[in-house]
J.: 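Mind having a look at this structure? Questions to follow.
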Amino acid sequence: MLTSKQRSALRSLAMKIEPVTQVGKLGVNESLIESLDGAIEKRELIKVTVLENSLLIPKEAGIEIAQRLNAEFVCATGRKLVFYRKSKSDKVKHIEF
């Protein structure tokens, strides 16, 4: 569970990164989760865009994705979602709080 200060720090870091993928008409499916799992393991902090043609509400999609990734849902800003999960790999530069 993230504190408000940690969440704020992650939000400021997320402003500088580009979204890794988009959630479209198909919604949250297994292939999306697999690609996000690989991305979050390499980066620890990822941003995802929910397209307007998606029938999902961004915040609800964020909660579902976070649960399936075992990650923290940092925030939803408009249609952008931010997730954090500490990487298990030693090769990754870890985010320090």
Side-chain angles (χ1 to χ4, degrees):
M1 194 74 176
L2 295 172
T3 65
S4 61
K5 284 188 178 187
Q6 291 171 329
R7 195 173 300 278
S8 177
L10 290 172
R11 240 193 327 253
S12 69
L13 289 173
M15 289 178 65
K16 301 170 188 152
I17 64 174
E18 292 295 318
V20 293
T21 191
Q22 302 170 333
V23 179
K25 281 193 243 180
L26 297 176
V28 180
N29 57 29
E30 199 57 41
S31 65
L32 174 71
I33 296 299
E34 287 175 12
S35 73
L36 291 177
D37 190 50
I40 201 167
E41 187 61 32
K42 290 179 184 173
R43 301 177 186 195
E44 291 193 343
L45 185 69
I46 59 171
K47 188 187 289 188
V48 176
T49 303
V50 178
L51 296 178
E52 288 188 28
N53 66 353
S54 173
L55 301 175
L56 299 172
I57 298 170
K59 191 169 184 176
E60 291 175 1
I63 293 168
E64 181 182 349
I65 291 169
Q67 288 174 345
R68 291 179 67 179
L69 286 175
N70 293 323
E72 292 285 340
F73 178 47
V74 178
C75 69
T77 306
R79 295 195 158 273
K80 306 274 192 238
L81 310 174
V82 179
F83 302 96
Y84 169 76
R85 182 177 77 194
K86 186 169 176 126
S87 177
K88 297 171 190 151
S89 174
D90 293 334
K91 297 177 184 177
V92 174
K93 183 179 177 189
H94 296 290
I95 297 173
E96 299 295 328
F97 296 105

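The residues of the chain are indexed from 1 along the displayed sequence. Worth knowing before you read on, the calculation uses all heavy atoms, side chains too, and leaves out hydrogens, waters and symmetry mates.
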J.: Between Thr77 (side chain) and Lys80 (backbone), is there a donor-acceptor pair under 3.5 Å?
T.: no
J.: So how far is it from Leu56 CG to Lys25 NZ, rounded to the nearest 0.5 Å?
T.: 13.0 Å
J.: According to a 4.5 Å side-chain heavy-atom criterion applied to Ile, Leu, Val, Met, Phe, Trp and Tyr, with indirect links allowed, do Ile17 and Ile95 form part of one hydrophobic cluster?
T.: yes
J.: How long is the gap from CD1 on Ile46 to OH on Tyr84, to the nearest 0.5 Å?
T.: 12.5 Å
J.: Show the nearest heavy-atom pair for residues Val92 and Lys42, with the distance to one decimal.
T.: CG1-O, 3.5 Å
J.: In Å, rounded to the nearest 0.5 Å, how long is the span from CD of Glu60 to CG of Leu81?
T.: 11.5 Å
J.: Any ion pair linking Asp37 and Arg85 (charged N to carboxylate O, less than 4.0 Å)?
T.: yes
J.: For Arg7 and Phe73, indicate whether the former's side chain and the latter's backbone hold a donor-acceptor pair under 3.5 Å.
T.: yes
J.: Kindly work out whether a path of hydrophobic side-chain contacts (I/L/V/M/F/W/Y, heavy atoms less than 4.5 Å apart) joins Phe83 to Val50.
T.: yes
J.: Working to the nearest 0.5 angstrom, can you tell me the gap between Arg68 CZ and Leu32 CG?
T.: 8.0 Å
J.: Would you confirm whether Ser87, through its side chain, and Glu41, through its main-chain N or O, come within 3.5 Å as a donor-acceptor pair?
T.: yes
J.: Indicate yes or no: does Lys86 engage Glu72 in a salt bridge with an N to O separation below 4.0 Å.
T.: no
J.: About how many Å separate CZ of Phe97 and OG of Ser8, when rounded to the nearest 0.5 Å?
T.: 11.0 Å
J.: So Leu2 and Leu10, side-chain contact (heavy atoms from CB on, under 4.5 Å) or not? Walk me through it.
T.: CA-CA 10 Å; Leu2 295 172; Leu10 290 172; 3.6 Å; yes
J.: How long is the gap from OG on Ser35 to CD1 on Ile40, to the nearest 0.5 Å?
T.: 11.0 Å
J.: With a 4.5 Å cut-off on side-chain heavy-atom distances among I, L, V, M, F, W and Y, is there a chain of contacts connecting Ile63 to Ile33?
T.: yes
J.: Begin with the C-alpha distance, continue with both residues' side-chain angles, and end with the deciding distance and a verdict on side-chain contact (heavy atoms from CB on, under 4.5 Å) for Ile65 and Val23.
T.: CA-CA 10 Å; Ile65 291 169; Val23 179; 4.2 Å; yes
J.: Take Lys47 and Lys16 through the test side-chain contact (heavy atoms from CB on, under 4.5 Å) and record every step on the way to the result.
T.: CA-CA 10 Å; Lys47 188 187 289 188; Lys16 301 170 188 152; over 6 Å; no
J.: Give me the atom names and distance for the closest heavy-atom approach of Glu44 to Lys93.
T.: OE1-O, 4.1 Å
J.: Kindly write out the residues that satisfy side-chain hydrogen bond (donor to acceptor under 3.5 Å, both in side chains) with Asn53, not counting sequence neighbours, or none if the list is empty.
T.: none
J.: Quick check: closest heavy atoms across Ser12 and Ala9, and the distance to 0.1 Å?
T.: OG-O, 2.8 Å
J.: Looking at every non-hydrogen atom in both residues, tell me the closest pair between Leu45 and Ala14 and how far apart they are.
T.: CD2-N, 3.8 Å
